[in-house]
Number of protein chains: 2
Amino acid sequence: MKKKRVTLKDIAAELKVSISTVSRALKDHPDIDKTLTKKIKALAQKWNYIPNPLAMGLLRQQTQVIGVIVPDLVTYFFSSIISGIEDELQQAGYYIIISSSKESMEKEIECVHNLLNLRIDGLIVCLAQDSNDTAHFEKVLDHDVPLVFFDRVCLEKKVSTVVVDNVSMAKDITTHLFENGARKIAHITGPKHLNIVKERTEGYLKGLEQVGLLLDKKHLIHTDLSPNNAAKAIRGLLSLPSRPDAILGVNDTVIFATMKEIKNRNLKIPKDILLAGFSDEFHATVVEPNLTSVAHPTHDIGRNAAKLILEQIQEGRSIQKKIILNTELHVRESSTRH
Amino acid sequence: MKKKRVTLKDIAAELKVSISTVSRALKDHPDIDKTLTKKIKALAQKWNYIPNPLAMGLLRQQTQVIGVIVPDLVTYFFSSIISGIEDELQQAGYYIIISSSKESMEKEIECVHNLLNLRIDGLIVCLAQDSNDTAHFEKVLDHDVPLVFFDRVCLEKKVSTVVVDNVSMAKDITTHLFENGARKIAHITGPKHLNIVKERTEGYLKGLEQVGLLLDKKHLIHTDLSPNNAAKAIRGLLSLPSRPDAILGVNDTVIFATMKEIKNRNLKIPKDILLAGFSDEFHATVVEPNLTSVAHPTHDIGRNAAKLILEQIQEGRSIQKKIILNTELHVRESSTRH
DNA sequence: GTGAAAGCGCTAACAG
DNA sequence: CTGTTAGCGCTTTCAC
């Protein structure tokens, strides 16, 4: 037996008043008789009345649902950001629907359309790695749906973003490697169109310059972010006549692949090769040796993205803000020689 | 400017026909004139008409949304299960809303109510660790909302579940530890009311019995699943006069805490202590030494839970099925002595 | 073949 | 103070 949810109609019928009276009473409309209000509220309570969000949504043309699109669900970086988004949005009475683009633009486009068709009230996105077109996001803006990017961003002129200072992060980490004795510092990174790749590469180059090292072009490798291709890139690096004595990875996928390859060759970290990355905080202290990495404030990234969305919903108009969050370089065994 | 979504009304007005004609034409109703149908479809296409899910939902009393409640979002085990659920449901045209109970029953109850109030079409749950009451799930059944549990389950008489064979898993792993020389095998596990705890403990005891070891009661520890309390439990174990020479952890949290404590004491794995756990596959090959663990078919757990929900929605009635999926014992360095 | 009308649950302007 | 009405977008009888 489907236990039908109780509606205003049910309450009105029981109390022999009109639906609108019930509706008003439940929102403490001053016009309604206090005693009646009490009676109505009591019954609503007793019958466990909950307004039907579908009806409300239809009326107000809003769903209380925020879409979130991430490249994947299973890495700590993204799941902890989602956790932050959730914490912030749920106390504002919003729900989130999470979709995974699986690092594919095609899938990302599909996700955007699905969510738009669902009539979400806002959209929070981290770009897929091969997302090099913005038409689908323009469409989001066309529909006047609040949009926020985090980490991997685009359309920065029009859309609010939550990011970290990739350039200085990469620069600091590069000079740190130099200070620990590295003279041939390689950088394995991702597709060139991604802002995080561009910025981290820029920081890496600035770091080299600052410590007076020249770039060996063979030491700057653009690959994609998949473990297989990262591994291939690393094998290439390790076979070079000018084998690097330090590797800076663009993210954790790259770093873990790197560690495995280095161990396979019986090279030691940090003795033979220093290792550092932009990583997700969690694994870093579990692997051996512990990994030096830039800790992103993942939970805060999520919270801030959520706040920006809420702000836009309240303001009722698209705003453009850029929030830059602080990171911390966590120096651990993988990059220190004493 | 809010670009209003186009409605049947808009199309009807443009073509000077009635709304119902448009509605019918779009679903290829045989009554409607073929030419008219074509014209209507063409305009709908051109204007990018998408039915409003809110209106449909109100009409049909369904939302196409499935709720998912997990103890947390940030461990690989859960996020990869969610990934499986998503893969299955999205191709069936359903969306998922994920809530995290943060291992708290109170929060879990809140999540259930929130989702129920949202009028979800189904609910997939893994119990929070301190969830020892079922009233909130009875309420789900009362409302005739399809319900499926995975991994940590309850109400098995009435509700469909997706699980693994914990008893034999735990037994196998225990005998495996014995075969690798362990004679004092400890088991650190969680709250007694959880099925996975009960079953794994049972398997552990059966394993001991099979190889002819007697249980040292000090070696079976029930704690909660938090890293801090796990660590405390492990410190206790390691300080015992009868210090164990193998530890079986109930999950990855426990195992990682264990590893750290063992390393802190300068004990070696596997030389001094063997280690094995029920874990989430991913970290196991990243830590040093690689961890022996039972690999859960996480993606499949998710897919199957989703399938069970879809089945119940289609059948229109609550069914009770129990799907037991196979696991694999991945033997790695942490438990082998040669 | 096509249109009019009712209804899903709710709110809000308009009457009394 | 309370009821009536219209309408959010859609489907589905029931008429013609």
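Basis for what follows: all heavy atoms, side chains included, without hydrogens, waters or symmetry-related copies. Below, chains carry the letters A, B, ... as their sequence lines are ordered, and counting in each starts from 1.
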- Side-chain N or O of A:Lys34 closer than 4.0 Å to phosphate OP1/OP2 of D:dC1: no
- Item | Phosphate OP1/OP2 of D:dC8: any A:Gln62 side-chain N/O under 4.0 Å | no
- Message: In whole Å, I'd like the distance from the CG atom of B:Leu54 to the P atom of D:dC8.
- Response: 14 Å
- Message: One thing to verify: whether B:Lys102 and A:Asp87 come together as a salt bridge, which I'm taking to mean a side-chain N less than 4.0 angstrom from a carboxylate O.
- Response: yes
- Picking from D:dG7, D:dT2, C:dA4, the nucleotide nearest the side-chain atoms of B:Ser18 would be C:dA4
- Note on the structure: Whole-Å distance, B:Leu15 CG to C:dG3 C1', equals 15 Å
- Atom pair distance, as rounded to whole Å: CG in B:Asp10 and P in D:dC10: 9 Å
- Message: Between A:Val159 and A:Gln320, is there a side-chain heavy-atom distance shorter than 4.5 Å?
- Response: no
- Task: Ignoring backbone atoms, test whether B:Thr21 places a side-chain nitrogen or oxygen under 4.0 Å from the OP1 or OP2 oxygen of C:dT2.
- Result: no
- Message: So, using ring-ring contact (aromatic ring centres under 6.0 Å, His included) as the criterion, who are the partners of B:Phe77 when residues are at least two apart?
- Response: B:His296
- Atom pair CD1/NZ of B:Ile32 and B:Lys27 - distance to nearest 0.5 Å: 11.5 Å
- Message: Expressed as a whole number of angstroms, how long is the span from A:Arg119:CZ to D:dC8:C1'?
- Response: 12 Å
- Item | Nearest-Å distance for atom pair CG/P, residues A:Leu8 and C:dG7 | 17 Å
- Query: Going through the distances and angles, do B:Arg152 and B:Cys126 end up as a side-chain contact (heavy atoms from CB on, under 4.5 Å)?
  - Reply: CA-CA 5 Å; B:Arg152 307 183 196 161; B:Cys126 175; 3.7 Å; yes
- A:Leu58 has an atom CG; how far is it from atom C1' of D:dG7, in whole Å? 9 Å
- Message: Quick one, A:Glu14 and A:Ile11 - any side-chain contact, counting heavy atoms below 4.5 Å?
- Response: no
Pull out every protein N or O sitting under 3.5 Å from an N or O of nucleotides 12-16 of chain C, one pair per line with the distance.
| unit_1 | atom_1 | unit_2 | atom_2 | d |
| --- | --- | --- | --- | --- |
| C:dA13 | N6 | A:Arg24 | NH1 | 3.4 |

- Message: I want to confirm an ordering. Mapping A:Ala55 and B:Val22 to their closest nucleotides on DNA chain C, which one lands closer to the 5' end?
- Response: B:Val22
- Query: Which residues pass the ring-ring contact (aromatic ring centres under 6.0 Å, His included) test with B:Tyr49, sequence neighbours left out?
  - Reply: none
- Item | Rounded interatomic separation in angstrom, taking CG from B:Leu26 and P from D:dT11 | 8 Å
- Assign A:Asp31 to base, sugar-phosphate, or nothing according to its heavy-atom contacts below 4.0 angstrom with the strands shown. base
- Query: Between B:Pro30 and A:Ile50, who's closer to the 5' end of DNA chain C by nearest nucleotide?
  - Reply: B:Pro30
- Query: Atom CG of B:Asn52 to atom C1' of D:dC8: distance rounded to whole Å?
  - Reply: 9 Å
